Amino acid sequence: MNQVTGTSINRKDGRAKVTGQATYAAEHQIPGLVHGYLVTATIACGKIKSIDTQEAEKAPGVIGVFTHKNPPPVSKPANDFMASKIYEARLPLSDDQIYYAGQIVGLVVADTLERARHAAHLVQIEYVTQEPALDPSKVAYKKALSLFGQEMKFEKGDVTQGMADAAVKVAATYTTSTELHAQMEPHAIIAHWQDTDTLTVYEPSQWVIGSQRTYAELFQLPPEKVRIITPFLGGGFGSKAFPWPHAILCASAARQLQLPLKVVLSRRQLTANAGHRSETKQMINLGANADGSLIVIDHTAKSFTSPVEDFTEPCTGVTPTMYAAPNLHLDQELGVMNVGTPTFMRAPGENPGLWALESAMDELAWELKIDPVELRLRNETKEHQQNGLPFSAKGFAECLRVGVEQFGWQDRPKQVRSVTRDGKLIGWGMAASNFPALQGAASVTARLLADGTVQLLTSGNDMGTGAYTIVAGTAAEVLGLPAEKIRVELGDSLLPNGGMAGGSQMTATLVPAVMAACKELLKTAQANTIQSALDNLHQSGKPAFEATASSAPGDGGKKWTFQSWGAHFCEVSIDEEIARLRIERWVSVMNIGRVMNAKTAASQIRGAVIMGIGQALMEECHFDPNIGYPVVYDLASYHFPSHADIPRIQVTFVGEPDYKFNPAGVRGVGEIGITGVSAAIANAVYHGTGKRIRNLPITPDKLL
Ligand code: MOS
C-alpha cells in the first residue's frame, strides 16, 4: 500500500472552485425557469388583518402570488430528527399568525427575478400588532430537551454541600450573542417537477437522503420520486441539513404552477428565515480543594427559540466529558422569543458550553494560583462523568503538553498586566477543545473503467470540508493508484446512501465504506491489484467492474465514549488607549484519531479558529427592540473576521488512530476547532489587562 492518507493531497474540487466550474444550487440552468421572491412580515408578533395582492398580480411578468389565503398544498411530515425533519414545525403560509419579524407571508412568482421582487413589494398587508417577547428577563421559559428529546437535567452528588466544603470557588455568569451562519452561499432552491409526482430539487443540502425523505413526505410521494442534487455547498455550518420554510414553499408552488421555480433568500431574509445560533446565558459554579482538584461543577444554561419550533442550544452537554468532579449538576431552560427559529451552528452546545466552562476554569486557576494547564491536567477524567463510560482514546494531556512546548507557554509571566510590547499590553491564554466523535451508516459504489480510472459514488455531501479529497485519497491508498486516477461523485440522492454531513461525521462515515468498496471491487475483478483488475477488465470486454459496500457504526458505543480532544493557545495584544485588540499568535493541537489528509484537516481547524475569533470579538446580531427584526441587513452589517484580523494559525495533530471507533481509526474533524477559541481569547485578555470579560463578543467598548 502506498501511503496517501495522512499526507496532503490537494483538493479534488479545488480547480473547479477557483475556475467557477463548481455549480451551486442557484446556478443550475433549467430551461423555462421562473423566479420567486418572498414577501416577509414587518412585525414580530400579531396577525395579518388584510392582505391585498391585486397590484402584485397585475404587475408585468407575474405568474402567481401565494399567501395564507391560497397556500400551495403540502402535507405535514413526521418531522422527527433523522427521519423527515423540517427546521420549523409550522408549515409556511399555514395561517394568518405572525410569530417573528421576517416570517414568510407570501411568495410572488414571475418570469424574472427583478419582476418578482418588484411585484413582491406591491403586496399590501395590514397587521394587528402585539408586543413581541424579546427581553430574556420577561419571556416565558420551558424545560429544555436535547436534540434527541431527552431531558437535559442531571445531578450527582450534592452540589450545595460541595460548594460549602470547597476551599476555592468561582461563581460567574457568561453570555454569548445571537450569531448568524453568514455562509458565502445563501440559501437557495430550484424545484423542478417533471409532472405532479416527480420532483428534482437543487438545493444546498448537508444531507440529500434526509432531504429526499422529507420532500417525499411533504408531497406524499415514494422517496424514489424525489431527487436531491447538491454537488457543492458554499458553507452549511448546520443550517443546511433540512428544508426551511422557503424551500417547502418553493417546491409546493412549483408543483402548483408546474414550472421550474427558483427562490434565493436575500441576505436580509437569511437573518430570519434560515436559522441562527441563539444567544446564551450560562451560570457556572466551580468548587475546588486547595490543591486544585474539583469537587463541584454546576453548569446551568438558558437559550432561546421561536414560538414555532423548539431548538435548544445544548450548552451543558459537553460538561460531563471535561473534568472529574464528584458533585455535578447540569440543567437548561429554553426561553421563547418572537425571533426566527434558531438551529445547529458549528459545534452547537459545545461551543458556547466551553466558552463558559473554560473561562471559569481560568478564573479558578487564578484563584488557586495554579497554572491553567496544570489545573486542567489535575482534573482530567478518564470517563464520561454522566454515563460512566471510559473514553476510547484521550490524548488531552498530550495536546496540552505539545501546545505548551510549541507556544512556549512555560515562559508565561505569572502576573496580569506584566508584559508590554510597542506600548501594547500582551496577554497569553489557553483553553480546551472537545467534540464528540460521530459516525453514520454509508454505502459506496466503486467502479473501475476501461481507461484505468476508478469512480467512487455516494450521496454523502462535501460541505466544502474536503469529502471529495478524503474519498479520493482513501481509494487511492487502498487501490494503489494515484489520486488523479480517482473520480468522486457526491451529493446526489440517486447515488448510494452516504449519510449526513453534520456533527463532523462525514469522514468517519465515508472512509470505512470507501475502504470496503475498494476491496470489494478487487474481489469482483478477481484480482489482487488494480493493475491485474484492469487486465481482467480488458480481457472480459466489459465496460466496467463495479462493487458496492456498506459500513455502519459498531456497538462500541455501549462500552466507550467516543470523543476528540484539543487545546488552543493564543497571544493577544491590547492597545488600551484605543481599545484595539489583536490576535498575535495561535497554536492549536488536536487529537482527532487518524488524520486522513493533513492539509484539509489543518484547514478545517484554521477555518474553525477564524470563526471562533469572529464569535469572540465581532459577531453579534441584535434584534430591534421595537420591531424584532435582526439589525443586520447584509454581510457588511454583520462583522466577522477578514484576513487582516487573523494571525498565522499553527495546527498540529497528535494521538493515534482510534480503532475502537471504526476500522479506519478516524474520528473526523471540523467542529472541534471552534470549541474553546473564545475562552482562550478572553483568558488571554485577562492575562494582558486584568479585565475579565464574560460577555461575548469582546468589542472595544468592553475593553475601554
Ligand atoms: Mo454541524 S452544526 O452538525 O452542520
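Quantities reported herein were computed from a predicted structural model and do not represent experimental measurements. For the single chain, residues carry numbers from 1 onward in sequence order. Both counts, for ligands and for their atoms, begin at 1 and track the order of listing.
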message: Could you check, using the six-membered ring where one of them is a Trp, whether Tyr100 and Phe623 have ring centers closer than 6.0 angstrom?
response: no
For Gly503, atoms of ligand 1 separated by under 4.0 Å from a heavy atom: 1 (Mo), 3 (O)
Pairing residues for His187 by the side-chain hydrogen bond (donor to acceptor under 3.5 Å, both in side chains) criterion, not counting sequence neighbours: Ser239
From CA spacing to verdict: side chain to side chain contact (heavy atoms under 4.5 Å, CB included), Ile592, Val666: CA-CA 7 Å; Ile592 58 165; Val666 58; over 6 Å; no
- line: For Arg346, the ligand 1 atoms with a heavy-atom partner under 4.0 Å come out as 2 (S)
task: Just jot down the ligand 1 atoms closer than 4.0 angstrom to any heavy atom of Phe237, in number order.
output: 2 (S), 4 (O)
query: Has ligand 1 got any nitrogen or oxygen that is less than 3.5 angstrom from a nitrogen or oxygen of Gly238?
result: yes
query: To which protein heavy atom is atom 1 (Mo) of ligand 1 closest, and what is the distance rounded to 0.1 Å?
result: Glu671 OE2, 3.3 Å
query: By number and element, which atoms of ligand 1 are closer than 4.0 Å to a non-hydrogen atom of Pro348?
result: 2 (S)
- request: Please determine which of Glu185, Glu203, Gln206 meets the side chain to side chain donor-acceptor pair (under 3.5 Å) test together with Lys240.
  value: Glu185
message: Between Tyr202 and His28, is the ring centroid distance below 6.0 Å?
response: yes
